[in-house]
There are 2 protein chains.
Amino acid sequence: MPRKKHYSSTDLSASIQGLLEKKAVGTQEEIRDALLKKGIPVNQVRVSRILHKLGAIKMNEDGKIVYRLPSDAEKYFVPKEILKKLISRITHNESLVVIQTVSGSGQVVARLLDLTKNLDILGTVAGDDTIFVAPKTTKNIETLFKKIYNLLLN
Amino acid sequence: MPRKKHYSSTDLSASIQGLLEKKAVGTQEEIRDALLKKGIPVNQVRVSRILHKLGAIKMNEDGKIVYRLPSDAEKYFVPKEILKKLISRITHNESLVVIQTVSGSGQVVARLLDLTKNLDILGTVAGDDTIFVAPKTTKNIETLFKKIYNLLLN
DNA sequence: CATTATATTGTATAAATATACAAACCGATT
DNA sequence: AATCGGTTTGTATATTTATACAATATAATG
């Protein structure tokens with residue numbers, strides 16, 4: 001009975017991580033279905049095992065149970081009050097939103113920002129105390145600025 | 001068929017919260033057993049429903065699955081680097097450990113400290129930027145100081 | 001007060017997840 | 001090449017969790 005190993009553990013793990021980062025999935029069958037749709041043959045047991053290895057968390061978001069990666073979960077558990085204390089100023093020009101933080105907090109705040117869904121950003125570059133936020137489009141820089149401001153300081 | 005309601009929903013919820021704060025429990029049956037031991041009659045369904053209402057999360061601590069309250073989970077997800085940035089100085093006298101934080105962060109840091117297990121403290125009192133930590137015994141104030149220092153700044 | 005609407009509870013069971021076990025795979029060693 | 005030890009995988013199923021449904025309790029309304 002040779003076992004058909006179509007997909008390596010490493011690849012599968014990466015696929016599941018990618019999925020969890022993109023979608024709010026609540027069951028292992030849902031994860032399985034999503035992977036099957038992408039042509040990745042997997043069974044429930046494998047999903048279960050990999051989730052365990054990833055240290056996946058099952059949490060409640062507004063009454064809905066979802067799986068999250070630990071790194072993703074930070075976003076949900078870092079108290080807002082803490083974040084506020086790390087940020088000095090948020091400004092923008094025509095093409096960037098710029099966030100000033102207290103010394104040494106640039107990377108950490110940037111990471112939390114990167115994890116935030118529904119924010120139209122391409123990405124962030126962070127130094128010691130400064131974060132450059134690149135918007136998806138510079139056309140709505142004002143909107144993005146307000147969104148980030150509300151997110152981080154309100 | 002009158003239903004025997006021995007324990008109100010509010011009381012049960014409080015009991016489960018207390019339990020989750022004290023013990024690393026991994027299954028609803030475990031929660032049920034612990035409550036039965038305390039003379040609290042409860043069934044699995046009730047446990048499930050209350051956990052859901054509490055927004056309990058299931059997380060992986062060193063390979064073991066445990067239920068945690070959201071407020072408790074903060075401790076696990078607040079990045080150390082963030083904490084470090086909030087704390088200015090940690091000192092002590094013969095009877096207290098005193099933590100200075102950046103302005104406005106006293107309460108938040110105190111809360112995280114209160115959530116930390118295996119710390120021999122009676123409690124904390126926090127102001128805007130200062131936290132007084134009361135040890136269980138003043139005999140080992142130096143030890144506690146070192147423990148807190150390592151916890152928060154190392 | 002009576003009536004209606006909503007929430008809670010328990011039983012039974014469906015759904016979701018993890019485990020046991022055997023077989024296959026893999027890398028290291030001889 | 002064969003052997004060994006450790007890991008991974010799949011099948012079957014045990015365990016864990018949540019839901020459906022009906023009954024009861026509680027809250028709201030007139």
Side-chain angles (χ1 to χ4, degrees), chain A residues 1-20 23-70 72-73, chain B residues 1-20 23-70 72-73:
Chain A
M1 180 175 71
R3 151 200 317 174
K4 296 189 189 180
K5 188 181 143 203
H6 298 292
Y7 220 74
S8 83
S9 206
T10 308
D11 291 341
L12 190 49
S13 186
S15 294
I16 289 177
Q17 284 179 67
L19 179 65
L20 292 194
K23 293 194 52 162
V25 286
T27 69
Q28 293 175 3
E29 202 57 41
E30 238 184 291
I31 291 171
R32 182 181 181 231
D33 288 346
L35 294 181
L36 289 180
K37 263 195 206 134
K38 293 163 76 171
I40 304 170
V42 68
N43 61 25
Q44 176 266 325
V45 175
R46 246 182 131 186
V47 171
S48 175
R49 286 173 180 147
I50 285 172
L51 288 177
H52 191 265
K53 254 178 124 180
L54 290 172
I57 301 154
K58 259 191 121 166
M59 47 190 288
N60 183 326
E61 288 175 16
D62 304 313
K64 187 169 175 278
I65 300 297
V66 300
Y67 279 103
R68 293 283 178 206
L69 299 172
D72 247 351
Chain B
M1 180 176 73
R3 151 196 321 171
K4 297 187 185 180
K5 189 180 138 203
H6 298 293
Y7 219 73
S8 82
S9 207
T10 307
D11 290 341
L12 190 49
S13 187
S15 295
I16 289 176
Q17 285 180 66
L19 179 64
L20 291 194
K23 290 195 52 160
V25 285
T27 67
Q28 295 174 6
E29 203 58 40
E30 236 183 295
I31 292 172
R32 183 180 181 231
D33 288 344
L35 294 180
L36 289 181
K37 264 198 204 124
K38 292 161 77 171
I40 305 170
V42 68
N43 61 25
Q44 178 265 324
V45 174
R46 247 185 129 184
V47 171
S48 176
R49 285 173 179 148
I50 286 171
L51 288 177
H52 190 266
K53 253 177 122 182
L54 291 172
I57 70 173
K58 262 189 121 171
M59 53 189 284
N60 183 326
E61 289 176 15
D62 303 314
K64 187 171 176 279
I65 301 299
V66 301
Y67 279 102
R68 294 282 178 207
L69 298 173
D72 246 353

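Numbered from 1 within each chain, the chains take letters A, B, ... in sequence-line order.
Side-chain atoms of B:L51 and B:I31, non-hydrogen and from C-beta on, do get closer than 4.5 Å to each other. With contacts defined as side-chain heavy-atom distances shorter than 4.5 Å, the pair B:V66/B:K23 does not qualify.
The B:K53 side chain lies nearest to C:dT8 when the options are D:dT11, C:dT8, D:dT17. Across D:dT17, C:dT17, C:dT19, the shortest atom-to-atom separation from the side chain of A:Q28 is found for C:dT17. Listed nucleotides C:dA16, C:dT19, C:dG10 differ in distance to A:R49; the shortest reach to its side chain belongs to C:dT19. Out of D:dT9, D:dT11, C:dT17, the shortest distance to the side chain of A:S9 is found at D:dT9.
Note: CG (B:L51) to P (D:dA18) measures 7 Å, nearest angstrom. Computed from coordinates, the A:R46 CZ to C:dT19 C1' distance equals 17 Å when rounded to whole Å. Taking atom CE of A:M59 as the reference point, atom P of D:dT17 lies 18 Å away to the nearest angstrom. Separating the CZ atom of B:R32 from the C1' atom of C:dG10 is a distance of 12 Å, rounded to the nearest angstrom. Regarding B:I50, its CD1 atom lies at a distance of 13 Å from the P atom of D:dA18, rounded to whole Å. Distance B:I65 CD1 to C:dT17 C1': 10 Å, rounded to the nearest Å. To the nearest angstrom, P of D:dT19 lies 12 Å from NZ of A:K64. The distance between atom CD1 of B:I40 and atom P of C:dT9, rounded to the nearest whole Å, is 14 Å.
Comparing A:T27 and B:N43 against DNA chain C, the residue whose closest nucleotide sits nearer the 5' end is B:N43.
In this structure, CD in A:Q44 is found 10.0 Å from OG1 in A:T27, a value given to the nearest 0.5 Å. Going from atom CD of B:Q28 over to atom NZ of B:K58 covers 7.0 Å, rounded to the nearest 0.5 Å.
Within the 4.0 Å cut-off from OP1 or OP2 of C:dA16, not a single side-chain nitrogen or oxygen of A:K58 is found. Applying the 4.0 Å criterion to OP1 and OP2 of D:dT9, one finds that A:Y7 has every side-chain N and O outside that range.
For B:S13 (side chain) and B:S9 (main-chain N/O), no donor-acceptor pair under 3.5 Å exists by modelled atom type.
Looking at heavy-atom distances under 4.0 Å, B:S48 makes contact with a base.
With sequence neighbours excluded, no residue satisfies side-chain hydrogen bond (donor to acceptor under 3.5 Å, both in side chains) with A:E30.
Remark on the helix from C:dC1-D:dG30 to C:dT30-D:dA1: inter-end axis angle 30°, axes from five-pair C1' superpositions, rounded to 10°.
With hydrogens and angles left out, the side chain of A:Q44 and the base of C:dA18 share a donor-acceptor pair within 3.5 Å.
Environment of NZ in B:K37: sparse, with no more than 12 heavy atoms of neighbouring residues, nucleotides or ligands closer than 6.0 Å.
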